[in-house]
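Each chain gets a letter, A, B and so on, in the order the sequences are listed, and its residues count up from 1.
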There are 2 protein chains.
Amino acid sequence: MKLDKITRSYDDACGTAHALELIGDRWALLIARELMFGPRRFGELRVGLPGISANVLTQRLAELERSGILMRRKLPPPASVQVYELTPWGYEAEEVIKIAGRWAARSPAHDPTRPLSAASLMMSFRTMFDAERATDLASTLNFVIGADRFVVTVADGRLAVERGEGEAEVTLTGSTSAFVAAVYGDVSLRVLEAEGALAIAGERSVVEQFTTLFALPSKAAPV
Amino acid sequence: MKLDKITRSYDDACGTAHALELIGDRWALLIARELMFGPRRFGELRVGLPGISANVLTQRLAELERSGILMRRKLPPPASVQVYELTPWGYEAEEVIKIAGRWAARSPAHDPTRPLSAASLMMSFRTMFDAERATDLASTLNFVIGADRFVVTVADGRLAVERGEGEAEVTLTGSTSAFVAAVYGDVSLRVLEAEGALAIAGERSVVEQFTTLFALPSKAAPV
DNA sequence: CGGCATCCGGGAAGATACTG
DNA sequence: CAGTATCTTCCCGGATGCCG
């Protein structure tokens, strides 16, 4: 029972060092990633973080709360459920997540075949979106990924992603890996549909265009 | 002697997760920070990383080399010394360092009174430089911080920092904390000179202007 | 089921001493 | 100066159990 556990300090005034004290512990930044699209419950966080153990998640949530990065809130009755939500400053960590992700995507060792949470996929859209390719597209797409729903809107060369459902030209249902294959891989929608990995309800052409809007950075030269 | 130690994986295709596998280990990102201004020797890295132990530094350098983030080089004779140098892709981690530092500088818990390495100070200049305040300044300053020398050039609303010495209007000699006080604090140059914390050789007015070019971000609201 | 405490094993980090 | 060897400490991850 050491409440006063001070996370091992770097004793360094550098902001980067302080960032590591705030979000450098294992899993911490990925917890923030899972919270980037709104409040989440304990169990939902576990689903998005394959391999994290409950006690570590509990501990990280407590530390992130103490740091002012997230708050725990109780939803009003009758849904009196506890949820975890980023503070405004916590949401600003999105830039860190995106820049780190974009940099690491150039790693020769990056393995995109591993599992991906729904929040990760949506964050990858925000990260890899290429505004120049989207100047002449204005559409809304619904994504259904298991229990997760997202609305993705492209307009004026900008991309918006949020949880929920909305008026959309098309609704896509599938796993994150199917969407990865469609957007970042060279797998055609037809093939994914034939495999049953993906279902498209609505305007197919919107989806065809959508899959062209994102580009992974080129790989760094291996040693 | 387990050379094949695989760093604990997140089993996550997300680029951010991979970034944590690459630079998420303790000290790793700070080692990259120390290397951002050019190759460094083992002992020089230790000086810039107060508190790191030699075995951890050895291990990190090996891992970062395996990941393709840095290379070890032997300088040509007669100075046949081994140095560590970032790869081109390793240098690109500067963005991660800067964004993380800028974000963490808003933390209510950030303590700028702790020690700061010379590389950290120079990286903070790159991070906190405000181009709009520098439109009408074109100058070169030499910084002497212990054994470290840097040339800082401001021109066309841009800032350049590199190791070494050059033709400069002014040479500043002092500790990192003195420069922090002058640039980010409200301590006047006169006071710092009187305390012997800082010495100015050359155009004082250039220094006066220089100290106004940088702005720390505002603090996030405490919980 | 959600959340948190506790115990335990393995491994990484810290400190120190030692060697070429 | 540049690391290596060793020992201790502490964090991480897994399992279990309690309590609402």
- prompt: Does a nitrogen or oxygen in the side chain of B:Gln82 sit under 4.0 Å from OP1 or OP2 of D:dG3?
  reply: yes
message: Side-chain N or O of B:Tyr84 versus OP1/OP2 of D:dG3: is the shortest distance under 4.0 Å?
response: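 B:Tyr84 to D:dG3 OP1/OP2: side-chain N or O found under 4.0 Å.
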When the distance from [atom1] of [X] to [atom2] of [N] is rounded to whole Å, what number comes out?
X	N	atom1	atom2	value
A:Arg46	D:dA15	CZ	C1'	11 Å
A:Leu57	C:dC4	CG	C1'	11 Å
B:Phe42	D:dT4	CZ	P	8 Å
A:Ile52	C:dC4	CD1	P	13 Å
B:Leu61	D:dA2	CG	C1'	11 Å
A:Gln59	C:dA5	CD	C1'	12 Å
B:Glu21	D:dC12	CD	C1'	15 Å
B:Arg40	D:dG3	CZ	C1'	18 Å

- prompt: Is the cationic atom of B:Arg26 (NZ for Lys, CZ for Arg) positioned less than 6.0 Å from the six-membered ring centroid of A:Tyr10 and within 45 degrees of its normal?
  reply: yes
Quick check for you: among [options], whose closest atom lies nearest to any side-chain atom of [X]?
X	options	value
A:Arg72	D:dG3, C:dG14, C:dC4	C:dC4
B:Arg8	C:dG14, D:dG3, D:dC12	D:dC12
A:Asn55	C:dC4, D:dA15, C:dG14	D:dA15
B:Thr58	C:dG14, D:dG3, C:dC4	D:dG3
B:Trp27	C:dG14, D:dG3, D:dC12	C:dG14
A:Arg60	D:dC12, D:dG3, C:dG14	D:dC12

[X] side chain to [Y] backbone, donor-acceptor under 3.5 Å:
X	Y	answer
B:Thr87	B:Gly68	yes
A:Arg106	A:Ser218	yes
A:Thr16	B:Ile97	yes

task: Dump the intermediate steps for side chain to side chain contact (heavy atoms under 4.5 Å, CB included) on B:Lys98 and B:Arg33, then the final yes or no.
output: CA-CA 9 Å; B:Lys98 284 161 60 178; B:Arg33 176 195 76 193; over 6 Å; no
message: For A:Ser53 and B:Arg41, find the nucleotide of DNA chain D closest to each by heavy atoms; which residue's nucleotide sits nearer the 5' end?
response: B:Arg41
